[in-house]
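All figures in this text were calculated on a predicted structure; none of them were measured in a lab. Side chains are part of it too, since the values below use all heavy atoms of this structure and drop only hydrogens, waters and symmetry mates. Order of the sequence lines fixes the chain letters, A, B, ..., with proteins taken first and strands second; residue numbering starts at 1 for each chain.
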Amino acid sequence: MLDPKIVREEYAHVKDAMNSRNYPLNFLEKYAQADQDWRQLQQEVDRLKNEQKLLTPKGKPDPEILETLKKKSDEIKEKNDTLLILEDAVKTAALYIPNIPKPETPLGKSEDDNQVVRMVGEIPAFSFTPKPHEEIGVTRGLLEFEKATQITGARFAIYKNNGARLERALINFMLDKQRENGYTEILPPVIVRSQSLQGTGQLPKFADDLFKLEGTDYWLSPTAEVQLTNLYQDSIIPEDELPIKITAYTPCFRKEAGSHGKDMKGLIRLHQFNKVELVQFETPENSDAGLATLLASAESVLQALKLPYRVVSLCTGDIGFSSAKTYDLEVWFPSQNNYREISSCSHFTDFQSRRAMIRYRRNADGKVAYLHTLNGSGVAVGRTFAAILENYQNQDGSINVPEVLQPYLRETLI
RNA sequence: GGAGAGAUACCCAAGUGGCUGAAGGGGGCGGUUUGCUAAACCGUUAGUGGUAGAAAUGCCAGCGAGGGUUCGAAUCCCUCUCUCUCCGCCA
């Protein structure tokens with residue numbers, strides 16, 4: 001949610017921001033109008049309520065005053081009904097307006113305008129044609145897709161034997177790594193309620209991307225960002241406790257609506273996947289530095305695994321709804337001869353903290369203010385699994401186990 | 001799943017229609033006393049959300065959440081959520 005004051009006072013700037021995102025202006029316009037109407041009537045109703053209060057005697061009112069009070073009450077009731085409708089309109093409209101990109105976010109219309117910030121690691125040279133991970137995984141008995149389709153449906157996978165062990169090793173490795181990086185480990189529920197999804201920005205606009213449990217207000221969480229960020233919903237944190245850095249491994253569930261036919265093979269795009277998530281709460285002064293820390297923490301996983309990757313700064317047309325600035329980490333997939341997203345590290349400014357009411361008490365003046373939230377994958381486990389299979393494959397189909405995983409897996413070759 | 005009890009401010013707790021945005025206690029903060037500490041005593045202390053304002057400050061909301069009754073609701077009615085106790089079931 002944007003600061004209402006900014007929308008009122010810097011309307012042109014907000015409008016530019018929406019344009020830079022290719023975001024239709026009608027949401028903003030609708031909001032601005034509703035906001036104006038609502039404030040006007042709010043003042044009117046407040047005034048009437050105050051009059052009513054002043055008129056009300058301490059004990060039982062005499063008949064004459066009672067008449068006046070009744071009239072006043074009717075007037076208030078009528079206007080208040082309208083006010084409630086307007087208030088609802090303002091609140092709803094506000095939830096559909098995306099965040100304002102930070103000035104450093106490159107301008108651009110689509111992912112083609114994203115900027116590669118740096119490339120890290122060396123792309124492996126193969127003396128043979130590298131196979132795609134789903135082929136290696138199935139041949140090697142690590143993955144099974146057909147059975148998963150029978151049991152559940154398309155876009156699900158089964159990990160088997162050393163495959164299951166590798167996935168588990170990766171989860172443990174990543175959590176340990178993030179603990180070294182200063183993140184406190186959390187094991188949250190994977191089911192969340194609407195309000196939490198609204199707090200982080202998935203609802204109300206992106207309900208179609210989520211699985212809802214029938215007959216309840218429960219949803220399968222699409223990312224632990226939801227649980228971790230909402231761990232502090234509706235709270236006021238003393239400044240001394242900041243930054244708060246937390247991490248969690250969770251399964252994530254996404255409908256992948258609108259991506260029919262895309263990435264149908266392998267582990268790249270599933271309805272259920274494992275992810276280690278990083279969430280950070282920072283003061284506005286420290287949040288930019290916080291994003292750098294978060295990004296470095298995500299990168300540390302890929303560096304330790306010696307997977308080649310690049311850092312991409314997403315342009316205004318490509319950053320997510322809630323984000324003001326996003327770096328994607330993209331890992332090298334030899335079979336696709338391309339980089340694929342494995343982590344997305346975002347700066348949300350006070351957008352989520354306004355929605356979820358996450359505030360902090362400033363040391364300087366004792367006042368309460370919205371803090372800044374950041375999050376990123378640290379990193380997507382399934383895609384890391386896939387990247388290891390592809391980058392560490394041998395001609396005979398075996399896979400070298402990355403050195404840092406060997407203590408976890410107790411194998412050097414699988 | 002069955003039966004019952006509860007949710008009031010930082011904590012405990014009083015409050016069944018107006019003088020209560022809230023008694024009392026604890027805690028916190030300030031002070032008196034004191035060699036220091038403790039005790040005692042005196043004083044003081046709701047955070048928050050919205051809105052108007054350059055600000056000082058004003059106004060409105062707010063007693064688990066949402067509705068309703070009433071001129072007026074912490075108090076009466078309805079729905080929901082959560083917590084606790086007992087029984088049943090279960091990893």
B/C84 and B/G30, which share atom name P, separated by this distance in whole Å: 38 Å
Protein-nucleotide distance (A/D217, atom CG; B/C80, atom P), rounded to Å: 15 Å
Nearest-nucleotide comparison on RNA chain B, the residue closer to the 5′ end among A/V45 and A/L84: A/V45
Spacing between A/E9 atom CD and B/A54 atom C1', to the nearest angstrom: 12 Å
Check nucleotides 49-52 of chain B against the protein and report each pair of N or O atoms closer than 3.5 Å, with its distance, or say if there are none.
{"unit_1": "B/G49", "atom_1": "OP1", "unit_2": "A/R359", "atom_2": "NH1", "d": "3.3"}
{"unit_1": "B/G50", "atom_1": "O2'", "unit_2": "A/Q42", "atom_2": "NE2", "d": "3.3"}
{"unit_1": "B/G50", "atom_1": "N2", "unit_2": "A/D46", "atom_2": "OD2", "d": "3.3"}
{"unit_1": "B/U51", "atom_1": "OP1", "unit_2": "A/R8", "atom_2": "NH1", "d": "3.4"}
{"unit_1": "B/U51", "atom_1": "OP1", "unit_2": "A/R8", "atom_2": "NH2", "d": "2.6"}
{"unit_1": "B/A52", "atom_1": "OP1", "unit_2": "A/R39", "atom_2": "NH1", "d": "2.6"}

N-O pairing of A/K5 and A/E10 below 4.0 Å: no
B/U48 OP1/OP2 closer than 4.0 Å to side-chain N/O of A/R361: yes
Cationic N near anionic O, under 4.0 Å, A/R179 to A/E185: no
Ring centers of A/F351, A/F321 separated by less than 6.0 Å: yes
Inter-nucleotide P distance (B/A14, B/G88), Å rounded: 32 Å
Crowding at NZ, A/K306 (>12 non-hydrogen neighbours, <6.0 Å): no
B/A23 to B/G35 separation - C1' atoms, rounded to the nearest Å: 41 Å
Gap in Å between the two P atoms, one belonging to B/A5 and one to B/C42, rounded: 42 Å
Pair A/E134 + A/K265: basic N to acidic O under 4.0 Å: no
Where do N or O atoms of nucleotides 68-75 of chain B meet protein N or O atoms at under 3.5 Å, pair by pair?
{"unit_1": "B/C71", "atom_1": "O3'", "unit_2": "A/S73", "atom_2": "OG", "d": "2.9"}
{"unit_1": "B/G72", "atom_1": "OP1", "unit_2": "A/S73", "atom_2": "OG", "d": "3.0"}

Main-chain N/O of A/T316 paired to A/R21 side chain as donor or acceptor, under 3.5 Å: no
Pair A/Y339 + A/F333: ring centers closer than 6.0 Å: no
A/R193 CZ to B/A65 C1', straight-line distance once rounded to whole Å: 10 Å
C1' spacing across the pair B/U44 / B/U37, given as an integer number of angstrom: 24 Å
Sub-6.0 Å ring centroid separation between A/Y96 and A/F27: yes
Interatomic distance, A/K367 NZ vs B/G47 C1' [rounded to whole Å]: 14 Å
Validation row, ring centre A/H271 to ring centre A/F211 under 6.0 Å: yes
Validation: residues 381-393 of chain A side-chain donor-acceptor distances under 3.5 Å, sequence neighbours left out:
{"unit_1": "A/R383", "atom_1": "NE", "unit_2": "A/I268", "atom_2": "O", "d": "2.9"}
{"unit_1": "A/R383", "atom_1": "NH1", "unit_2": "A/E341", "atom_2": "O", "d": "2.8"}
{"unit_1": "A/R383", "atom_1": "NH2", "unit_2": "A/I268", "atom_2": "O", "d": "2.9"}
{"unit_1": "A/T384", "atom_1": "OG1", "unit_2": "A/A380", "atom_2": "O", "d": "2.5"}
{"unit_1": "A/E390", "atom_1": "OE1", "unit_2": "A/S335", "atom_2": "N", "d": "3.0"}
{"unit_1": "A/E390", "atom_1": "OE1", "unit_2": "A/S335", "atom_2": "OG", "d": "3.0"}
{"unit_1": "A/E390", "atom_1": "OE2", "unit_2": "A/H133", "atom_2": "N", "d": "2.7"}
{"unit_1": "A/E390", "atom_1": "OE2", "unit_2": "A/H133", "atom_2": "ND1", "d": "3.3"}
{"unit_1": "A/E390", "atom_1": "OE2", "unit_2": "A/S335", "atom_2": "OG", "d": "3.0"}
{"unit_1": "A/N391", "atom_1": "ND2", "unit_2": "A/W332", "atom_2": "O", "d": "2.8"}
{"unit_1": "A/N391", "atom_1": "ND2", "unit_2": "A/A387", "atom_2": "O", "d": "2.9"}
{"unit_1": "A/Y392", "atom_1": "OH", "unit_2": "A/L305", "atom_2": "O", "d": "2.5"}
{"unit_1": "A/Q393", "atom_1": "OE1", "unit_2": "A/K131", "atom_2": "N", "d": "2.9"}
{"unit_1": "A/Q393", "atom_1": "NE2", "unit_2": "A/K131", "atom_2": "O", "d": "3.0"}
{"unit_1": "A/Q393", "atom_1": "NE2", "unit_2": "A/E390", "atom_2": "O", "d": "2.9"}

Rounded distance (Å) that lies between atom P of B/C82 and atom CG of A/D234: 17 Å
Sugar-phosphate, base or nothing in reach of A/K72, heavy atoms under 4.0 Å: nothing
ring-ring contact (aromatic ring centres under 6.0 Å, His included) pairs, two or more places apart, involving residues 212-243 of chain A: A/Y232-A/F281
Watson-Crick and G-U pairing of RNA chain B written in dot-bracket, each distance under 3.5 angstrom, with | for inter-strand partners: ((((((((.[[[..)..(.....]]]((((((.......))))))..(((((....)))))..[[[[[..)....]]]]])))))))....
Euclidean distance for C1', B/U83 against B/A91 (whole angstrom): 23 Å
Rounded C1' spacing from B/U70 to B/G17 in Å: 9 Å
Side-chain N,O (A/N50) to OP1/OP2 (B/C59) below 4.0 Å: no
Side-chain polar contacts of residues 289-299 of chain A - donor-acceptor pairs under 3.5 angstrom, sequence neighbours left out - could you list them?
{"unit_1": "A/T293", "atom_1": "OG1", "unit_2": "A/A289", "atom_2": "O", "d": "3.0"}
{"unit_1": "A/S297", "atom_1": "OG", "unit_2": "A/Y183", "atom_2": "OH", "d": "3.4"}
{"unit_1": "A/S297", "atom_1": "OG", "unit_2": "A/T293", "atom_2": "O", "d": "2.8"}
{"unit_1": "A/E299", "atom_1": "OE1", "unit_2": "A/R118", "atom_2": "NH2", "d": "3.4"}
{"unit_1": "A/E299", "atom_1": "OE1", "unit_2": "A/Y309", "atom_2": "OH", "d": "2.5"}
{"unit_1": "A/E299", "atom_1": "OE2", "unit_2": "A/R118", "atom_2": "NH2", "d": "2.5"}

Whole angstrom value for the distance that separates C1' of B/A61 from CG of A/L83: 11 Å
Integer angstrom distance from the P of B/A39 to that of B/G1: 50 Å
Sidechain N-carboxylate O distance under 4.0 Å for A/E87, A/K91: yes
Atom-pair distance (CD on A/Q233; C1' on B/U81), nearest Å: 13 Å
Interatomic distance where OH belongs to A/Y218 and C1' belongs to B/C82 [whole Å]: 11 Å
